[in-house]
Amino acid sequence: MTRKWWHDKVAYQIYPKSFYDSNGDGIGDIPGIISKLDYLQDLGVDIIWLSPCYPSPLADQGYDISDYYNIDPRFGTLADMDRLIAEAKKRNMYILMDLVVNHCSDEHEWFQKACEDPDGKYGNFFYLRDKKEGELPTNWRSYFGGPVWEDLPGTNKQYLHVFHKKQPDLNWENPEVREEVYKNINWWLDRGLGGFRIDAIINIKKAFPFQNYEPDREDGLCSIKAMLKEAKGIGEFLGEMRDRTFKKYDAFSVGEVFDEKPEELPDFIGDNGYFSSMFDFNETIFGQSSKGWYDAKTITPDDYKRCCFESQKKVGDVGFLSNIIENHDEPRGVSRYIPEGDCCPKSKKLLAALNFMLRGLPFIYQGQELGMENVPFASIDEIDDISTKDEYQVALDAGLTPEEALHVAAKYSRDNARTPMQWSDKAHAGFTTGTPWLKVNPNYTSINVSAQMEDPDSVRSFYKKLIALRKDPAYKETVVYGALKPLWEEQHNLMAYSRKADKTLYVIGNYQKEEQTVTLLSKPLKVLLNNYPELFIDEQGIIRLQGYQVLVLEM
Ligand code: GLC
Ligand code: CA
């Protein structure tokens with residue numbers, strides 16, 4: 001594997017709308033991010049991925065872009081963005097933007113022109129089909145519910161949208177579309193961007209000819225995945241994009257990729273892969289049901305361990321996965337991966353260490369470093385996210401009571417991760433002097449940056465230690481490149497593995513509140529991390545692990 005500049009880095013995702021509001025309008029913004037760069041540098045972050053801040057009607061919170069060459073005035077100006085890139089550079093940090101090019105917004109000029117002249121140049125930027133009364137071109141269900149087909153305003157045609165109807169899919173088969181995408185990527189890279197996170201990219205290749213697939217719910221529609229499974233040849237697009245853009249700049253790219261086959265991994269993230277890296281979603285997709293969130297299975301510690309090890313085994317040393325505990329599309333990881341009732345600083349640190357020490361590039365989502373938790377939503381009206389609203393309805397349609405449906409919606413809602421960052425115990429968690437666009441988690445009085453900065457034993461301080469270990473010249477080679485091998489793999493509620501390069505490290509986590517023991521063959525040379533003040537180890541090398549104790553040992 002060729003070594004790359006980004007391998008030893010630590011990445012952090014910012015959801016701009018909810019990070020820090022500099023002007024009191026209740027919406028986070030780029031000047032707000034700039035003012036917090038020192039906070040991120042103090043934590044040890046090198047790469048910052050910003051969720052979209054381009055002009056957008058915000059139907060899907062910015063994942064519906066109406067102008068790829070600007071910044072939405074709510075988030076700032078292009079000059080602010082340039083300043084952010086420059087200020088980051090001064091701190092040896094890199095900025096990634098979000099590349100959302102499976103679709104644009106229906107308010108993008110291309111789409112407006114397609115409506116005016118569907119048979120002209122811009123009609124071919126989208127997937128248009130003649131409208132037939134009482135019949136849709138295909139029976140595919142969009143990710144956010146309902147059919148993927150919508151009337152093209154002012155015409156007798158319909159257009160395809162695999163996400164929301166305000167997110168029309170771009171026709172990647174059209175070389176002119178691809179040229180536009182490459183031009184835009186290079187334009188941003190020329191401004192000094194470090195690279196991109198690439199949104200929903202597996203959707204750019206459709207299966208032709210368009211046809212119906214077996215319906216999987218009573219609505220007579222089928223999951224969009226049925227079509228994607230049949231789509232062949234996405235590699236041609238992705239390889240072309242790499243060669244025409246990222247490769248020339250040695251830029252970092254991380255793909256949002258789902259359902260790839262193990263044998264495709266080298267193509268995606270091998271030495272000359274389409275992307276530098278791609279996210280590991282094996283844990284987040286665990287337990288999903290084709291019926292909807294209401295039918296999803298809760299993940300257990302043993303499931304979590306299996307998911308992580310499965311991914312690690314699959315990738316081996318072919319490339320680097322990007323490891324996450326959560327992102328803006330998921331509930332908070334501590335509320336999901338820690339068994340109900342056990343969420344506390346100790347267990348949060350355990351989850352942090354087990355994930356962070358895996359081989360790959362760690363991504364931290366804003367607030368994760370504080371152990372921010374899911375939100376007690378009291379009503380569906382407190383939720384803004386379109387996909388949660390759809391899943392709430394799906395649950396009701398399946399016969400759940402409104403209380404049960406709200407419980408399901410709140411458990412998996414993307415808004416759990418989108419509430420304002422908790423900076424202090426002051427009004428609105430110190431996020432804004434105005435009224436925040438989305439409610440603040442009421443636990444901000446106890447979980448917030450100011451409190452945790454001062455406390456050497458806080459979750460944030462623990463993250464800081466994890467990051468410092470990754471960067472420590474003595475351990476870096478092992479933490480970054482060391483091979484991973486599961487330890488005591490069959491032991492219930494224990495997740496442990498070794499990392500081996502020039503040094504050998506053991507990461508051992510007791511993933512339950514009861515004590516349990518493991519037996520080491522030799523005494524550790526050093527305890528590098530421990531979320532308890534003490535370590536109980538006897539002469540025979542038997543370690544008595546306390547509830548949710550996690551250790552990083554040098555062997
Ligand atoms: C990705 C984004 C998500 C968005 C979707 C459509 O999955 O992460 O937030 O809704 O793509 O762009
Ligand atoms: Ca603002």
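In listed order, ligands and their atoms are each counted from 1.
Two rings, from Y159 and F111, have their centers less than 6.0 Å apart.
Residue, atom and distance of the protein heavy atom nearest to atom 8 (O) of ligand 1 are D329 OD2, 2.4 Å. In this structure, atom 5 (C) of ligand 1 lies nearest to the protein heavy atom F163 CE2, 3.7 Å. At the top of the distance list for atom 7 (O) of ligand 1, counting protein heavy atoms only, stands E256 OE2, 2.8 Å.
With respect to the Ca ion (ligand 2), D25 has OD1 as its nearest N, O or S atom. Nearest N/O/S atom of D21 relative to the Ca ion (ligand 2): this is OD1. Take the N/O/S atoms of D29: the one nearest the Ca ion (ligand 2) is OD2.
Taking the six-membered ring for Trp and thresholds of 30 and 60 degrees, F246 and F196 have ring planes inclined between 30 and 60 degrees apart. Ring pair W423/Y39 is perpendicular by interplanar angle, where above 60° counts as perpendicular and below 30° as parallel. The aromatic rings of F144 and H164 lie tilted to each other, with the angle between the two planes from 30° to 60°. Relative orientation of the W49 and F279 rings is tilted, given thresholds of 30° and 60° on the angle between their planes. Ring geometry, Y412 versus W293: the interplanar angle falls from 30° to 60°, so the pair is classed tilted. In this structure, W149 and W140 have tilted ring planes: the angle between them lies in the 30° to 60° band.
Every atom of ligand 1 with a heavy atom of R197 under 4.0 Å away is listed here by number and element: 2 (C), 8 (O). Ligand-side atoms of ligand 1 in range of H103: 6 (C), 12 (O), range being under 4.0 angstrom from any heavy atom. Heavy-atom contacts of R418 reach the following atoms of ligand 1: 9 (O) (cutoff under 4.0 Å). Listed by number with element, the atoms of ligand 1 under 4.0 angstrom from any heavy atom of R414 are 3 (C), 4 (C), 9 (O), 10 (O). Within ligand 1, counting atoms from 1 as listed, the ones closer than 4.0 Å to a heavy atom of F144 are 10 (O).
For the residues I386, D60, D64, the heavy atom positioned nearest atom 10 (O) of ligand 1 is part of D60. When the heavy atoms of N102, D199, D98 are ranked by distance to atom 12 (O) of ligand 1, first place goes to D199.
For K165, the NZ atom is loosely surrounded, since the number of other residues' heavy atoms within 6.0 Å does not exceed 12.
The Ca ion (ligand 2) lies at 3.0 Å or more from every N, O or S atom belonging to T432.
One finds a salt bridge joining K348 and E373 here, because a Lys/Arg side-chain nitrogen approaches an Asp/Glu carboxylate oxygen to under 4.0 Å.
Vertex the Ca ion (ligand 2), arms ending at OD1 of N23 and O of I27: the angle is 150° after rounding to 10 degrees.
A donor-acceptor contact under 3.5 angstrom links the side chains of Y12 and E369, judged on distance only.
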